[in-house]
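Let me begin by presenting the structure, written as structure tokens, before commenting on it.
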Amino acid sequence: MTDQTITSVSREHRKFRPSAEFKAQANLGSDAAYKRLYAESVNSPEKFWGRQAKEFLSWRKPFKRVLDWKLPHAKWFGGGQLNVAENCLDRHLGTARENKAALIFEGEPGDVRTLTYKQLHREVCRFAAALARLGLVKGDRVAIYMPMVPEAVVAMLACARLGAVHTVIFGGFSSESIKDRVNDCKAKLIITADGGWRRGKIVELKANVDRAVVNTPSVEHVIVLRRTGQLVEMTEGRDRWWHEFVAGVPAEHAAKAFDSEHPLFILYTSGSTGKPKGVLHTTAGYLLGVTMTTKHVFDLKETDVYFCTADIGWVTGHSYVVYGPLANGATVFMYEGAPNHPEPDRFWEMIDRHGVTIFYTAPTAIRAFMRWGDDYVKRHSLKSLRLLGSVGEPINPEAWMWYHNLIGKKRCPIVDTWWQTETGAIMVSPLPGITPTKPGSCTRPYFGVVPVILDEKGVAVPKGSGGRLFLAKPWPSMLRTLWGDDDRFKKQYWTELEGYYFAGDGARFDEDGYLWVVGRIDDVLNVSGHRIGTAEVESALVSHPAVAEAATVGRPDALKGHALVCFVTLKNGSLASPELKEALRAHVAKEIGALARPDDVRFAAGLPKTRSGKIMRRILKEIAGGGDVKGDITTLEDFSVVAALQSEE
Ligand code: WTA
């Protein structure tokens, strides 16, 4: 944990009030209602959450207790039983939603498929039944490494239906990352595809799995969806094609009910030490959090066509492509490929063609759209849109204004939603129709959420000053632990200040009590909206035979948020060269995935260290940013290192 004060330079004064039309139709339409419910949610949380859990979820067995809180372990809705897949599918059958589109899918090559709730239910039941025949039982772990296709959703829901615990691995990750994650949770099964489409090219998913499973003793079977059609190797006895696996299996599966705290999924996320953290979410609390926030924050209506651009490999894809929208009976639009294929107007073209009404994306994507040029947007009407959302990193006011003017045509409210893999669901966000927005602020807390900003000593900072963001109360969709590492869970989130959840972000409240999140304060960078631990990149670098030591820092980047700049010292006998630079970039991409490919690799004779041997990243950050090295460097062991690094440029 670095000891830094957070200075916040943004002083944004523009304010946008919800329009009367929007307000009149909003699911939560009055500030008084928000304030009343918020007060109840923090003053009588058990009463509040107990009522919501009855209203929003379908229970097989009613819960007896709302919260059992033994810091830092929460148990929500004890004694209750339910099935997540039933909540997302079965409960819509026999209602007007039965033949409504659950998923409208568009592949990158342009293939479109629609699955109604009834059809999706059938596919999930069939796949769940086939998995049960394979011997998969409650509690087994299943890795899902798939492109953004409907079968990815089918796989997740089938696991949930069986009580198996899924861990979705982003399709951009490498075989090394698959291996680490699969071994950490000891998955029995991997569900993948031959490949996925990305910018007209095939992402070789099966080949990556093949390389990983050589070193994953727990894996018994691999199920392979045929998507891209190229030749892949199938290992007899271990690998099965999806279509053969389900052929002849009746689409019937009686779902069992599971305890409220039964594990639903593990999702790996970057932390500030090398190893990714397996964030564990459980059944009832998670589902309640995502179901309520989808309804309230996105003002979801029966007629909406909802498009969240996140991949299911990230928490946003779990909570706001799959579980939240489907539990609400929404129509989810799902797209497989790149936003600029075949042209940079792909999203806008699809929004018009499918009549998308709600659009949820990330600031890094918005900055890319801005760079590609307004003309691509202006070719399309975008008149179906009524609400916009942002997530993943602080949205800079310039991007916010562009989003508001060019995409929202000044008509659509923007919900800037702050939350994390660990929080499961949106924690801080405007409520459309209620909350006046300010470009760059995620505004006010959602029900039950009590954000506090504290200084290094744990004292609340005055309004307008920056500090570290904590959450003061447990909430239903909170992470329960880190898979297999409860000590790290306690250490990471609950020991900075006794009784408070440490979010790892810097933030401030403005004079209206609005929250402004400025970004991570640990060694985690936001690269294109993805959390990447600098330690992970460093450990990938030092795994290369030429590298002795490595330090990775972020350089502010207009498009990606952070660009990854790596400083490496070489082992004796290795020579710095442009080829080695490229080889190291490729090595990191291979070890972690292309998303972590360093933007720049710099060779150094030495790294700036304190006398106790700690790398002084602050100095490297300044050098990476091209600026002078300012501030105190008296703790630096060897001054010549800095001079040498600067002359390297
Ligand atoms: C950042 C993504 C500012 C923040 C859901 C957080 C944000 C991390 C916002 C979590 C936002 C996310 N404004 N910063 N609206 N949303 N962040 O786990 O630093 O991938 O801690 O979850 O992204 O990233 P994660």
Side-chain angles (χ1 to χ4, degrees), residues 6 8 10 12 168 170 172-173 265-272 276-281 286 289-290 293-294 297 308-321 323-324 360-366 388-397 399-400 403 414-430 435 437-446 449 451 453 466 468-471 477-479 482 492-493 501-508 514-533 554 560-562 595-596:
I6 299 145
S8 179
S10 161
E12 173 64 53
V168 183
F170 174 52
F173 277 129
F265 66 85
I266 303 165
L267 185 57
Y268 288 88
T269 185
S270 287
S272 50
K277 304 179 285 192
V279 168
L280 179 72
H281 283 289
Y286 171 79
V290 298
T293 47
T294 303
V297 175
C308 165
T309 66
D311 190 278
I312 45 143
W314 308 115
V315 73
T316 308
H318 284 62
S319 301
Y320 298 108
V321 175
Y323 293 113
Y360 188 32
T361 196
T364 181
I366 298 171
L388 304 176
S390 171
V391 62
E393 54 182 314
I395 180 167
N396 44 310
W400 197 102
Y403 202 28
I414 296 178
V415 290
D416 174 2
T417 62
W418 177 85
W419 58 294
Q420 308 177 296
T421 304
E422 294 87 342
T423 69
I426 293 167
M427 295 282 104
V428 182
S429 170
T435 319
T437 51
K438 301 184 193 183
S441 169
C442 54
T443 75
R444 304 191 297 196
Y446 186 68
V449 178
I453 300 174
R468 299 180 306 159
L469 179 60
F470 290 81
L471 301 176
S477 66
M478 66 202 289
L479 82 164
L482 294 175
Q492 177 80 36
Y493 305 106
Y501 169 82
F502 175 52
D505 281 348
R508 74 183 162 89
Y514 274 34
L515 187 71
W516 298 74
V517 173
V518 292
R520 307 285 308 168
I521 54 173
D522 51 19
D523 295 327
V524 178
L525 302 174
N526 242 310
V527 178
S528 301
H530 307 316
R531 265 165 75 172
I532 296 184
K560 296 166 78 173
H562 277 123
L595 75 165

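Atoms within each ligand, like the ligands themselves, are counted from 1 in listed order. Just so you know, residue 1 is the first one in the sequence shown, and it goes up from there.
Taking a 4.0 Å cut-off on heavy atoms, Trp314 fails to register as neighbouring ligand 1. Ligand 1 is approached by Gly392 to a heavy-atom distance shorter than 4.0 Å.
Relative ring orientation between Phe265 and His318 is described as tilted, the plane-to-plane angle lying within the 30° to 60° band.
Thr417 and Tyr446 are not linked by any side-chain donor-acceptor pair at a separation below 3.5 angstrom, with hydrogens and angles left out of the test.
Closest protein heavy atom to atom 13 (N) of ligand 1: Glu393 O, 3.4 Å. Nearest to atom 24 (O) of ligand 1 among the protein's heavy atoms is Arg531 CD, 3.1 Å. The protein heavy atom nearest to atom 3 (C) of ligand 1 is Pro394 N, 3.1 Å. Counting only heavy atoms of the protein, atom 18 (O) of ligand 1 lies nearest to Thr421 OG1, 2.6 Å. Atom 4 (C) of ligand 1 has its closest protein heavy atom at Asp505 OD2, 2.9 Å.
Residues Val279 and Leu482 meet the side-chain proximity criterion, which asks for heavy atoms closer than 4.5 Å.
Against a heavy-atom cut-off of under 4.0 Å, Val315 is close to the following atoms of ligand 1: 5 (C), 22 (O). Taking a cut-off of under 4.0 Å to the non-hydrogen atoms of Thr316, the atoms of ligand 1 that pass are 5 (C). Close approach of ligand 1 to Val517 (heavy-atom distance below 4.0 Å) involves ligand atoms 3 (C), 14 (N).
Among the atoms of Asp416, some N or O lies under 3.5 angstrom from an N or O of ligand 1. Of the N or O atoms in Thr417, one or more lie within a sub-3.5 Å distance of an N or O in ligand 1. For a threshold of 3.5 Å applied to N or O pairs, the pair formed by Thr269 and ligand 1 contains no separation below that value. No N or O atom of Ser390 sits closer than 3.5 Å to an N or O atom of ligand 1.
Taking CZ from Arg468 and CG from Asp505, the interatomic distance works out to 12.0 Å, rounded to the nearest 0.5 Å. Arg520 contributes atom CZ, which lies 4.0 Å from atom CZ of Arg531 (distance to the nearest 0.5 angstrom).
Listed by chain and number, the residues in a side-chain contact (heavy atoms from CB on, under 4.5 Å) with Thr437 are Phe16, Trp400, Pro430 (sequence neighbours excluded).
Under a 3.5 Å cut-off, the side chain of Tyr493 and the backbone N or O of Gly504 do not form any donor-acceptor pair. Side-chain N or O atoms of Ser319 include one that pairs as donor or acceptor with a backbone N or O of Gly424 at under 3.5 Å. Listed for the Tyr320 side chain is a donor-acceptor partner under 3.5 Å among the backbone atoms of Ile426.
Of the options Trp419, Tyr320, Trp418, the smallest heavy-atom separation from atom 2 (C) of ligand 1 is shown by Trp419.
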Working for ring-ring contact (aromatic ring centres under 6.0 Å, His included), residues Phe470 and Phe502: CA-CA 5 Å; Phe470 290 81; Phe502 175 52; 5.2 Å; yes
